[in-house]
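Here is the structure we will look at, set down as structure tokens.
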Amino acid sequence: MTYTVYDDVVTTRLVQEACRLLGVSTEAILKLFGEHFFKFCKMSGYDRMLRTLGGDLPEFIENLDALHSYLALSYQEMNAPSFRVERGADGRMLLHYYSDRSGLCHIVPGIIEAVAKDFFDIEVTMDIVHMNREEERTGKKEHVVFLVGQKSHRHMRTAKPNRLQDSQDFRRDQEALEAAFLRMKEKYVSVSACPVKKSKKSPWEVVRSIVMFGKGQPANTVVPVYPERLWIEPKTFCKAFPFHIVFDESLRVKQAGVNIQKYVPGLQTQKIPLDEYFSIVHPQVAFNICSICKFINSQFVLKARREKMPEAWKSQPALKLRGQMIWMESVRCMAYVCSPKLRSLQELEQRRMHLSDIAPHDTTRDLILLNQQRLAEIELSNQLERKKEELRVLSRHLAIEKKKTETLLYAMLPEHVANQLKDGKKVAAGEFKTCTILFSDVVTFTNICAACQPIQIVTMLNSMYSKFDRLTSVHEVYKVETIGDAYMVVGGVPVPVGSHAQRVANFALGMRIAAAEVKNPVTGEPIQIRVGIHTGPVLAGVVGDKMPRYCLFGDTVNTASRMESHGLPNQVHLSPTAYRALQNRGFDMAERGEIEVKGKGRMTTYFLLRNLRASDDEILGHPRGPRGGGSSADAGARGGPDGRAVAVMRYEDSESPPPAGLGADAAGERSPDGSSVAMAVAGGDSAEAGDQRTVTPDGPGARPSGFCAVL
């Protein structure tokens with residue numbers, strides 16, 4: 001995460017894992033990371049800043065501390081290392097590396113070698129010649145000395161075969177350059193006027209002294225001129241540089257700027273020890289002249305000691321100064337030219353300072369204002385990161401809630417129908433040429449309601465319907481509706497399947513077994529149900545805009561309801577068409593005989609007794625039940641409506657059912673308009689034998705809630 005500080009423990013663990021997986025040493029991993037980090041900094045917008053740090057590699061390294069000091073304005077918690085270059089008498093260059101963070105020194109060769117190769121077109125080698133804890137420094141854990149050796153210049157190396165063309169091009173460029181300068185020489189030989197009258201130089205030599213041969217860059221020929229005495233009085237100097245301190249080799253203060261005396265009143269006393277009022281924060285060296293001279297090219301940060309501040313000021317943050325140490329050999333004193341180290345206007349106010357306290361020529365004013373804008377951008381970036389994370393969390397929660405909503409929606413409507421309604425589409429009606437519909441109700445439900453509390457009725461029905469809902473997953477039939485004690489199921493709708501009759505028949509047998517596990521709250525005995533099944537054609541479609549329902553229409557719905565209302569307790573009553581659909585399918589059925597069916601006349605009906613090829617465990621969907629024969633087989637566990645595993649029974653058409661959402665007959669034909677067909681709404685507790693209520697919509701005593709989908 002950008003602008004986030006990570007503990008070194010994270011880095012160490014990453015390095016250890018990389019070493020383990022890649023089979024290389026820690027030193028190699030850290031060096032490769034150093035190379036990558038340099039490339040990363042370039043790509044992150046620091047390329048131009050890095051290139052301007054120095055004209056050669058030693059200058060670049062010596063100015064790294066200044067770069068870290070600038071970056072600390074934005075990354076306040078950054079704990080950067082310090083660097084010092086030492087040039088030996090034999091021309092060797094030693095790089096001193098100091099860090100509070102142990103174990104990371106091997107990153108330095110990767111960075112420095114990449115910098116040397118990219119910025120200065122040289123190749124260097126870096127070898128550790130010394131490593132210990134630097135006693136001179138306070139708090140730094142690691143002091144490593146690298147010997148920096150330079151390889152041959154890339155252009156001076158022996159050309160490889162693939163670089164032959166480059167060498168030839170280089171020679172041609174050199175010849176063209178020399179020819180151009182010869183032409184320049186001939187042109188300027190005729191120059192008669194010379195800017196220096198008494199000069200004995202030829203015109204060409206004058207030009208040559210101004211322009212470096214072969215480079216085209218102005219030559220640095222200016223020799224500085226110093227006055228015999230300093231033309232500024234001490235009072236004016238202390239006002240012009242309000243933040244400066246001059247101290248001698250024993251750290252006794254000789255002079256100080258006017259504003260630094262204002263915020264550190266103790267400096268008004270002459271010859272006070274500077275280390276009693278300040279501590280060195282960066283670079284972390286011992287507070288003595290010898291140590292300071294070693295890091296004379298570094299930027300120094302001094303912090304005022306809180307115990308030396310006036311009592312009223314001790315509640316505010318301590319003053320920090322940032323600036324340059326300059327050794328004045330003639331007077332054997334050190335000048336510290338500095339400015340307050342401030343990151344924002346808020347820090348300026350906390351120290352009870354104003355921009356007017358900083359000299360107009362001091363760029364600290366602009367730095368504070370520019371960094372204030374940068375800090376605002378960083379805070380905005382952090383806010384965006386936090387908002388993004390909040391949005392990710394909300395998105396995850398929304399996905400969970402959406403899944404819950406879809407689960408509820410799919411429990412009320414077929415999935416493909418629900419998806420069409422979510423997309424704002426109209427679900428056209430379709431026709432199923434054959435399907436099987438089941439109705440069931442509870443025997444003596446009216447008497448049970450009269451003798452029990454409502455909560456007992458709800459508990460009983462919930463227990464029974466939960467078992468029935470689970471069976472719908474076992475046999476993959478569609479639950480249409482429940483109204484009161486009535487439960488309606490259809491097979492072959494909304495997905496046409498050829499085994500719709502067998503599925504509904506097995507579901508009915510499972511209902512009868514499951515209902516026996518539910519107790520009558522009045523008698524304590526197992527409740528009894530009546531089941532009726534009929535097979536025939538239906539029409540289907542979505543009805544209504546508010547709380548739309550997927551309804552079945554047709555005489556098949558009405559006939560299935562008659563089979564239930566004319567059935568017997570604990571019996572599965574079959575119509576003639578349902579009986580024919582189940583013949584030779586492994587079911588044991590018995591003829592009931594001819595009965596009078598209201599609205600239908602005389603009709604020969606049948607009772608479904610049992611499945612000869614499947615056990616009760618298979619019918620109930622127990623995952624570890626014994627296997628049966630025929631159409632019933634354990635097709636694998638699946639989650640039921642209650643979240644528990646169920647074993648889906650396998651039928652002849654279980655492997656490749658017709659695509660969902662197509663209104664078609666059992667053979668898989670598509671409806672004329674290509675649309676899918678829907679579920680029925682029918683319900684109400686049907687009358688038992690002898691009851692005055694009936695479910696025939698055209699007969700006397702028809703209930704207001706009955707069969708809105710029946711034609």
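Note that this is a predicted model, so its numbers are computed, not measured. This chain uses plain numbering: 1 for the first residue, then up along the sequence. As a basis for the values below, the full set of heavy atoms in this structure was taken, side chains included, without hydrogen atoms, waters or symmetry mates.
Around CD of Q453, the count of heavy atoms belonging to other residues, nucleotides or ligands within 6.0 Å does not exceed 12.
Taking the side chain as every heavy atom from C-beta outward, V477 and V490 never approach each other to under 4.5 Å. Between N506 and V504 there is no side-chain heavy-atom pair separated by less than 4.5 Å. Under the 4.5 Å side-chain criterion, counting only non-hydrogen atoms from C-beta, V531 is in contact with L438. In this structure, the side chains of V489 and I437 stay at 4.5 Å or more apart for every pair of heavy atoms. Residues F445 and L461 form a side-chain contact, since some pair of their non-hydrogen atoms from C-beta on lies under 4.5 Å apart. A 4.5 Å side-chain heavy-atom check between M488 and L552 finds at least one atom pair inside the cut-off. Between L582 and L574 there is a side-chain heavy-atom pair separated by less than 4.5 Å. You'll find the side chain of C452 reaches within 4.5 Å of the side chain of V522, heavy atoms only.
Of the possible donor and acceptor atoms, none in the side chain of H475 sits under 3.5 Å from a partner among the backbone N and O of G491. Remark: the backbone N or O of L609 is not paired with any side-chain donor or acceptor of D588 at under 3.5 angstrom. No donor-acceptor pair closer than 3.5 Å links the side chain of E594 to the backbone N or O of T604. Under the 3.5 Å distance criterion, the side-chain polar atoms of S565 are matched with a main-chain donor or acceptor of S561. Looking at T559, its side chain never comes within 3.5 Å of a backbone N or O of T556 through a donor-acceptor pair. Put simply, the side chain of R470 gets close to the backbone of G621: a donor and an acceptor are under 3.5 Å apart. Between the side chain of T577 and the backbone N or O of T535, at least one donor-acceptor pair lies under 3.5 Å.
Comment: E401 does not engage R396 in a salt bridge, judged by the lack of any side-chain N to carboxylate O separation of less than 4.0 angstrom. Salt-bridge formation is not detected for the pair E618/R613: no Lys NZ or Arg NE/NH1/NH2 atom is positioned less than 4.0 Å from an Asp or Glu carboxylate oxygen. Taking a cutoff of 4.0 Å between a charged side-chain nitrogen and a carboxylate oxygen, K467 and E517 qualify as a salt bridge. Salt-bridge formation is detected for the pair K600/D555: a Lys NZ or Arg NE/NH1/NH2 atom is positioned less than 4.0 Å from an Asp or Glu carboxylate oxygen. By the 4.0 Å N-to-carboxylate-O rule, R20 lies close enough to E17 to be salt-bridged with it.
In terms of heavy-atom proximity, S463 sits nearest to V518 at OG-CG2, 3.9 Å. Here the shortest heavy-atom pairing between G510 and L471 reads C-CD1, 3.4 Å. Residues G492 and H500 share a closest heavy-atom pair of N-CB, 3.5 Å. S344 and Q372 get closest at one heavy-atom pair: CB-OE1, 3.0 Å.
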Problem set entry | Audit row: E476, R503, salt bridge (charged side-chain N to carboxylate O under 4.0 Å, His left out) steps and yes/no | CA-CA 7 Å; E476 296 181 320; R503 294 172 184 270; 3.1 Å; yes
For this session: Show your reasoning for whether side-chain contact (heavy atoms from CB on, under 4.5 Å) applies to E379 and N382.
Result: CA-CA 5 Å; E379 178 58 27; N382 290 336; 4.3 Å; yes
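In this structure, the ring of Y487 has its center less than 6.0 angstrom from the ring center of Y465.
With sequence neighbours left out, the ring-ring contact (aromatic ring centres under 6.0 Å, His included) criterion links H573 to F607.
One side chain, N558 or R562, offers a donor N or O that lies under 3.5 Å from an acceptor on the other.
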